[in-house]
Amino acid sequence: MEINFILNGKGVKVKTHPLRRLLDVLREDFDLSGVKEGCGEGECGACAVLVDGELALSCITPVGSVEGTSVVTIEGYRETAKYRALEEAFSATGAVQCGFCTPGFIIAAESLLSKTPRPTPNEIREAISGNLCRCTGYSGIVEGIKRASERGEGLW
Amino acid sequence: MKNKISSSVSRIDTPEKTGGKASYIADIKLEGMLHAKTLRSERARARIKAINCPNLPEGYFIIDRQDIPGKNSVKMLIDDQPFFADGIVNYIGEPILLAVGPEKETVNWIIENTEVEYEDILPIFSVDEAKDPAKPPIFQKNNIFAEYEIRKGNPEKAFEGSHRVFEKEYRTGYQEHIYLEPQGVIGTYDDGRVTVYGSMQCPYYVKTALIHGLGWNEDMIRVVQTTTGGAFGGKEDYPSIIAGHAVFAALKTNRPVRLVFDRAEDIQSTTKRHPSIIKIKTALDSKGTIIGMNVDITLDGGAYCGLSPVVLQRAMFVSTGAYNIPNVLVRGKVLATNNVPSGAFRGFGAPQAIFAIEMHLNSLAENLKMDPLDLKKKYLLKKGDPTVTGGKLREDVKMPRMISLLEDISGYRKKKASFHKKNARDLRGIGISLFLHGCAFTGSGERDKIKAKVKLRKEDDGKVSILVSNVDMGQGPQTTLRKIVSKILGIPFSQVLYDNPDTDRVPDSGPTVASRTVMIVGYLLSRAAEKLKTEGKTEVTEEYIQPPYIEWDQENFIGDAYPVYSWGANAVEVSIDPDTYEIKVESVWGVYDVGTPIDEQIVYGQIEGGISQGLGYATIEVMESREGGLMQRSMTDYIIASSVDFPGAEKRLIENYYDYGPFGAKCAGELPFVGVAPALAAAVQNAIGVPIEKLPVTPEYLLEAAEGGN
Ligand code: FES
Ligand code: FES
């Protein structure tokens with residue numbers, strides 16, 4: 001089956017089985033390896049992408065379901081000023097250790113900030129609770145998102 | 001005063017990791033690369049009678065024990081573990097063979113359609129069964145991977161002369177690492193040489209295992225670490241096994257072979273933290289003073305020995321905790337069972353032992369009608385005291401100051417008093433743990449076994465390369481080691497290079513384990529940097545020299561078990577739902593002495609991460625083995641903390657310069673994990689008023705304990 005969608009701002013077409021995981025299509029067919037597989041069962045958030053601006057777990061998203069949508073991965077998102085604000089903040093607060101979870105947290109942060117530009121620490125904790133990090137204990141990540149929301153004047 | 005080096009810098013690896021540019025093993029694609037999948041035992045203990053594979057499509061291969069050019073055993077402490085099952089399987093998940101080929105689906109199809117005929121052998125599922133002579137032993141004649149004894153003073157006499165004896169038993173369960181990046185390697189074969197790329201802690205362990213498995217000369221083998229997505233001990237020995245698999249497959253197929261686990265396979269087949277049973281008996285005189293102690297430690301090692309003897313040693317060396325107890329007998333044993341092999345996990349035996357001694361002293365204090373903290377303070381180790389192995393503590397022990405700081409920031413005394421007055425519907429508690437962690441390898445291990453070597457090289461463009469085999473798996477040496485070198489050379493941080501280790505390029509500075517990287521390797525680098533600066537050379541190699549004060553008898557475990565210790569104190573406050581016994585962690589505090597922190601933010605990151613893992617270990621991380629099979633097989637069943645499960649911690653560092661660490665640094669990576677579970681358990685004990693003697697502390701356990709107690 002042919003599936004058409006917008007990927008990181010560009011229209012793309014893939015001929016593939018519609019039940020194939022979006023994660024595999026992104027990583028294998030488009031070489032977008034910033035989308036990570038931590039669990040493959042919707043538990044860890046490492047594979048998070050934005051589908052029409054909403055957070056989606058690409059490991060449990062069949063590629064057929066993104067027909068006609070706009071998909072953004074970390075590779076697309078990192079070209080934005082919002083990403084740069086988040087990267088600066090993550091760096092300043094020590095939000096990153098092994099880094100395997102980090103692209104997923106960035107995507108979750110964008111999904112939160114696009115709706116709630118000035119979240120409280122509790123709102124942040126709630127919003128990222130679908131993403132797991134085994135290294136940091138989350139404090140650095142929560143602070144990082146807070147810092148980006150405060151410093152990213154006018155971005156969200 | 002704060003040392004200047006401790007001020008935090010931006011971690012050098014943050015931008016590429018955050019932007020998704022860092023290449024982890026699953027992100028690497030090589031020309032012509034094949035996929036591999038492992039056929040694993042479905043039986044806990046059986047003889048393999050026959051293996052029937054389907055007809056293989058063109059371009060697909062089976063790799064099994066016959067494809068191993070050298071020895072079918074993974075080089076570790078004892079070489080009892082085969083790369084591929086040697087006619088017998090000893091645990092569910094043991095590798096039997098690989099299917100390899102271009103399409104993942106087809107490779108999976110081959111595995112699913114391969115049938116193994118087994119003939120069961122009487123299995124051993126617990127340490128009690130391991131002692132049962134009616135069951136044929138798994139390991140040698142008695143299932144004992146290792147058995148040791150330590151004595152201090154005259155324990156027999158102390159017990160004989162005691163007024164009474166206080167005795168308890170403690171049990172701890174499995175813990176699974178859940179490094180977020182599953183295990184993986186790629187093996188290649190070119191021009192008569194093999195190369196392994198992989199997610200790992202110890203490139204030279206992998207190399208040594210390949211030398212044996214291939215029976216080749218060391219210059220034909222190259223190991224390269226790829227950016228590693230967490231490890232925590234889980235990638236200490238295990239990568240050696242799969243590196244062998246990938247390389248044997250690459251040799252047979254003449255193509256690069258990729259062996260990357262999915263989560264379920266990773267949980268099922270990789271090592272776990274050792275379950276333990278620890279019995280402690282304390283001899284008291286008529287005034288309630290401790291005059292002797294017996295500690296008896298039993299660990300479930302699983303089907304193969306792995307690193308178990310060393311894990312047991314560490315558990316024994318800290319079995320009397322942060323205290324100077326007179327007249328001690330410690331006995332330890334690690335036994336073989338048909339469970340998944342246990343292995344290294346942050347803390348390496350110490351968390352089990354510290355849990356037991358802390359809970360024991362908490363209960364003893366209650367028995368003596370004292371506050372646990374007051375009892376513990378009475379026995380705290382101080383400078384000049386003998387350790388349990390009869391070594392001498394040479395460092396200043398800053399625990400008294402750390403404890404009073406912890407009391408202040410946590411409000412321990414006041415809360416303790418007010419929680420006593422509560423009613424049965426308001427279950428709140430606060431608990432404290434005191435602990436220490438022996439830094440780096442045991443005794444003379446660094447000198448006699450590891451023999452670390454580091455190199456610094458001035459490049460043509462004036463930059464300086466750090467050449468060591470230690471890896472950044474998230475704990476930060478890419479940043480901290482660069483900081484040490486740049487500071488001494490007086491050059492900007494960005495002028496120091498440190499690529500992921502490649503055994504063709506770097507000397508063996510030892511494994512990335514035992515919290516040794518900054519203290520041991522960083523110190524060697526600091527000495528090398530001094531020489532590079534003063535002697536005007538372009539390359540300096542520095543080798544490990546043991547600090548002159550260390551005295552250690554490895555045969556009898558007498559002397560300085562560790563060159564130095566880092567110290568910590570935790571407090572945890574909980575509330576407990578009176579109906580469901582659900583535990584809510586309200587607050588966590590920690591005060592630590594890690595010498596000089598090389599980077600405060602990185603050390604705080606280790607603390608926050610260690611606390612989160614420790615609270616998980618103490619409460620929600622339940623993993624059980626039933627008839628050799630793990631009951632939790634996915635991240636849906638095995639729960640690790642998310643951002644809403646536990647609060648952040650309030651933390652403080654107390655400086656304490658160590659002469660043989662770079663800028664005075666000691667160990668920091670494991671320490672923050674070690675004391676968390678006993679502090680949590682003490683808080684729960686305080687809240688519900690019954691002794692907590694088991695980890696994890698689940699609502700079911702509490703219900704049982706509370707009802708039994710009433
Ligand atoms: S890989 Fe998709 S949620 Fe874990
Ligand atoms: S930084 Fe390692 S899992 Fe989050």
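Letters A, B, ... are given to chains in the order of the sequence lines, protein chains preceding strands, and every chain is numbered from 1.
Side-chain atoms of A:Arg147 do not come within 3.5 Å of backbone N or O of A:Ala89 as any donor-acceptor pair. For B:Thr479 (side chain) and B:Ile12 (main-chain N/O), a donor-acceptor pair under 3.5 Å exists by modelled atom type. A donor-acceptor contact shorter than 3.5 Å is absent between the side chain of A:Glu153 and the backbone of A:Ser149. Judged by distance alone, with hydrogens and angles left aside, the side-chain atoms of B:Lys272 form a donor-acceptor pair with the main-chain N or O of B:Ile267 at under 3.5 Å. B:Lys235 places no side-chain N or O within 3.5 Å of a backbone atom of B:Phe232 that could act as its donor or acceptor partner.
With a threshold of 4.5 angstrom between heavy atoms, B:Asp645 does not approach chain A through any atom at all. Interface remark: B:Ile611 contributes no atoms to any contact with chain A (heavy atom separation under 4.5 Å). Only the backbone of B:Met473 comes within contact range of chain A, judged by heavy atoms closer than 4.5 Å. Proximity to chain A involves both the backbone and the side chain of B:Pro15, based on heavy atoms less than 4.5 angstrom apart. Residue B:Gln601 touches chain A through its side chain alone, counting heavy-atom pairs closer than 4.5 Å. Interface residue A:Glu28: backbone and side-chain heavy atoms are both found under 4.5 Å from chain B. Only the side chain of A:Glu43 comes within contact range of chain B, judged by heavy atoms closer than 4.5 Å. Residue B:Lys29 touches chain A through its side chain alone, counting heavy-atom pairs closer than 4.5 Å. For B:Phe646, the part lying near chain A is the backbone, with the side chain staying farther off; criterion is any non-hydrogen pair under 4.5 Å. B:Ala22 touches chain A through its backbone: at least one of N, CA, C or O sits under 4.5 Å from a heavy atom, while the side chain does not.
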How far apart are the C-alpha atoms of A:Glu87 and A:Tyr83, what are their side-chain angles, what is the distance that settles it, and do they pass the side-chain hydrogen bond (donor to acceptor under 3.5 Å, both in side chains) test? CA-CA 6 Å; A:Glu87 187 196 282; A:Tyr83 168 79; 2.8 Å; yes
Apply side chain to side chain contact (heavy atoms under 4.5 Å, CB included) to the pair B:Lys483 and B:Phe493, showing each step before the final yes or no. CA-CA 6 Å; B:Lys483 248 179 129 173; B:Phe493 187 64; 4.0 Å; yes
Passes side-chain hydrogen bond (donor to acceptor under 3.5 Å, both in side chains), B:Glu621 versus B:Tyr638? Steps please. CA-CA 6 Å; B:Glu621 294 188 32; B:Tyr638 186 76; 2.6 Å; yes
Pair B:Leu34, B:Arg258 - check side chain to side chain contact (heavy atoms under 4.5 Å, CB included), show working. CA-CA 6 Å; B:Leu34 304 179; B:Arg258 171 191 199 268; over 6 Å; no
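Interface check for chain A: of the options B:Gly476, B:Ala641, B:Gly616, B:Pro647, the most heavy-atom pairs under 4.5 Å are formed by B:Ala641. Contact count versus chain B (heavy atoms, under 4.5 Å) is highest, among A:Ser91, A:Ala95, A:Gly34, for A:Ser91. Interface summary for chain A: among B:Ser643, B:Ala264, B:Gly230, the most heavy-atom pairs under 4.5 angstrom belong to B:Ser643. If you tally non-hydrogen atom pairs under 4.5 Å between each of B:Ile178, B:Leu180, B:Thr14 and chain A, the highest count goes to B:Leu180. Annotation: maximal heavy-atom pairing with chain A below 4.5 Å, among B:Ser612, B:Gly229, B:Ser642, occurs at B:Ser642. Note on A:Cys133, A:Gly140, A:Gly130, A:Gly99: by heavy-atom pairs under 4.5 Å with chain B, the leading option is A:Gly99. With chain B as the partner, the residue from A:Ser129, A:Gly45, A:Cys44, A:Ala46 showing the most heavy-atom pairs under 4.5 Å is A:Ser129. Interface remark: of the candidates B:Val644, B:Val9, B:Thr18, B:Thr18 forms the most heavy-atom pairs closer than 4.5 Å to chain A.
Here the shortest heavy-atom pairing between B:Ala26 and B:Val260 reads CB-CG1, 4.2 Å. Heavy-atom minimum distance, B:Val603 versus B:Pro597: CG2-CB, 3.8 Å. Smallest separation of non-hydrogen atoms from B:Thr226 and B:Asn500: C-ND2, 3.8 Å. The shortest heavy-atom contact between A:Tyr77 and A:Lys82 is OH-CB, 3.3 Å.
Here B:Lys21 does not pair with A:Glu75 in a salt bridge; the nearest charged N to carboxylate O distance is not below 4.0 Å. Looking at B:Lys584 and B:Glu586, a side-chain N of the basic residue comes within less than 4.0 Å of a carboxylate O on the acidic one, giving a salt bridge.
Between the side chains of B:Ser515 and B:Glu670, at least one donor N or O lies within less than 3.5 Å of an accepting N or O. Side-chain N/O atoms of B:Asn570 and B:Tyr592 include a donor and acceptor closer than 3.5 Å. Between B:Thr636 and A:Glu41, the side chains place a donor N or O and an acceptor N or O closer than 3.5 Å (distance only, hydrogens not considered). For the residue pair B:Ser23/B:Asp27, the side-chain donor-acceptor check at 3.5 Å is not satisfied.
For the pairing with A:Asp24, the side-chain hydrogen bond (donor to acceptor under 3.5 Å, both in side chains) check across A:Arg20, A:Arg21, A:Arg27 returns one residue only, A:Arg21. Each of B:Gln606, B:Gln175, B:His177 was checked for a side-chain hydrogen bond (donor to acceptor under 3.5 Å, both in side chains) with B:Arg346, and the lone residue meeting it is B:Gln606.
Residues of residues 55-67 of chain A placed with any heavy atom under 4.5 Å of a heavy atom in chain B are absent; none qualify. When the heavy atoms of residues 101-128 of chain A are compared with those of chain B, the residues falling under 4.5 Å are A:Cys101, A:Thr102, A:Pro103, A:Ile106, A:Arg125, A:Glu126, A:Ile128, listed by number. Residues of residues 1-17 of chain A lying under 4.5 angstrom from chain B, judged on non-hydrogen atoms, do not exist here.
Applying the side chain to side chain donor-acceptor pair (under 3.5 Å) rule to pairs touching residues 135-146 of chain A yields A:Ser139-B:Glu608, A:Lys146-A:Glu150, sequence neighbours excluded.
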